[in-house]
Amino acid sequence: MDCAAYKPRGRWELAFAAQPEEVAVARRLVRAHLGGWGLPELVDAAELCVSELVSNVVTHVGHGAPVSLVVSEVGGRLRIEVRDPDTRALPTLVNAGDDAEVGRGMALVDALTECWGIRMEPDGKVTWCELAGPFPANEHGQRACVTKATPLLSCYGNDQLVSSPQRSRLAAVVTEAAVIDVIAALLHWLRAHGHDADEVLDRAQTRFEAQFTVAGDSP
């Protein structure tokens, strides 16, 4: 995918009542939206996940329970969330045999997705799962972070040099010095407020490598 032409997918949400017939409607709408987002390769898996998560609400929470379905892009993955008001009936992953009539839904979700989980909220719970997608997570995420960092760096150096560090060696030196000043100032702030600056720096480095290191490259 050409990152220059990339546009993040928006958040899509659908509210409805938990009824067996609504499962098929939700599947069709998810198929239509993923097709419109240019993600036909994720349609089949997404439809199955939506079907299982919504069917769980119908079966274990009850017919007519208010449900909301949210589909969005998060961290380079397609995230599916199903919200319902019952904090007692929690989806579980069971080792159901091939002949089992119940208990296979979350096993299917577990097999299809990168990860899934449950988030408890004051007024209910959210059961979510994430599918790996053809999103340029590294490039898009890097662009977003660069955009956030630029105004901060402008306080520590010349705007022109900061925005074009490769224009000359002098510009690169000034830009690197500005970045070092920012990092040092943030570490001082953390320590002054009782935080472990070294631990935070290590965690930041780990996150940087996890988000933006392309396989085979070094950060």
Side-chain angles (χ1 to χ4, degrees), residues 1-13 68 70-83 87 90-91 93 110 113-219:
M1 181 183 295
D2 181 6
C3 189
Y6 172 75
K7 293 183 178 179
R9 278 76 180 175
R11 172 189 172 97
W12 174 68
E13 183 169 356
S68 63
V70 176
V71 180
S72 60
E73 176 194 340
V74 177
R77 294 175 176 175
L78 185 74
R79 185 179 181 93
I80 298 170
E81 299 181 355
V82 172
R83 182 190 307 270
T87 58
L90 303 181
L93 182 62
D110 184 68
T113 63
E114 294 291 302
C115 54
W116 68 274
I118 303 167
R119 184 175 73 248
M120 306 303 293
E121 298 188 341
D123 58 348
K125 68 177 181 292
V126 175
T127 307
W128 59 268
C129 61
E130 293 182 353
L131 294 164
F135 305 111
N138 290 342
E139 297 89 344
H140 177 58
Q142 189 173 32
R143 286 188 176 192
C145 288
V146 168
T147 299
K148 292 179 181 178
T150 298
L152 183 61
L153 287 174
S154 68
C155 298
Y156 285 79
N158 181 277
D159 287 340
Q160 186 176 11
L161 297 182
V162 167
S163 63
S164 303
Q166 302 302 323
R167 179 172 297 177
S168 69
R169 179 56 190 161
L170 176 61
V173 169
V174 171
T175 297
E176 290 169 6
V179 172
I180 291 170
D181 283 345
V182 171
I183 295 173
L186 292 173
L187 293 176
H188 280 298
W189 185 92
L190 286 167
R191 182 162 295 173
H193 288 80
H195 300 278
D196 187 331
D198 291 332
E199 180 185 353
V200 173
L201 187 60
D202 288 342
R203 287 161 55 193
Q205 178 68 22
T206 299
R207 178 176 296 185
F208 169 76
E209 292 174 356
Q211 290 178 332
F212 305 129
T213 301
V214 181
D217 293 342
S218 58

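- Scanning for side-chain contact (heavy atoms from CB on, under 4.5 Å) contacts around Glu199 gives Asp196, Arg203, with sequence neighbours left out.
- Residue Ser72 holds its OG atom at 7.5 Å from CG of Leu78, rounded to the nearest 0.5 Å.
- By the neighbour-count criterion of 12 heavy atoms within 6.0 Å, atom NE2 of His195 is densely surrounded, having more than that number from other residues, nucleotides or ligands.
- The distance from atom CG of Asp198 to atom CG of Leu190, rounded to the nearest 0.5 Å, is 10.5 Å.
- Once rounded to the nearest 0.5 Å, the distance linking CD1 of Ile183 with CG of Leu201 reads 7.5 Å.
- A 6.0 Å sphere centred on CZ of Arg119 holds more than 12 heavy atoms belonging to other residues, nucleotides or ligands.
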Name the atoms and distances for all side-chain donor-acceptor pairs under 3.5 Å in residues 125-134, with sequence neighbours left out.
residue: Lys125; atom: NZ; partner: Asp84; partner atom: OD1; Å: 2.8
residue: Lys125; atom: NZ; partner: Asp84; partner atom: OD2; Å: 3.0
residue: Lys125; atom: NZ; partner: Asp86; partner atom: O; Å: 2.6
residue: Lys125; atom: NZ; partner: Ala89; partner atom: O; Å: 2.8
residue: Glu130; atom: OE1; partner: Arg77; partner atom: NH1; Å: 3.3
residue: Glu130; atom: OE2; partner: Arg79; partner atom: NH1; Å: 2.5

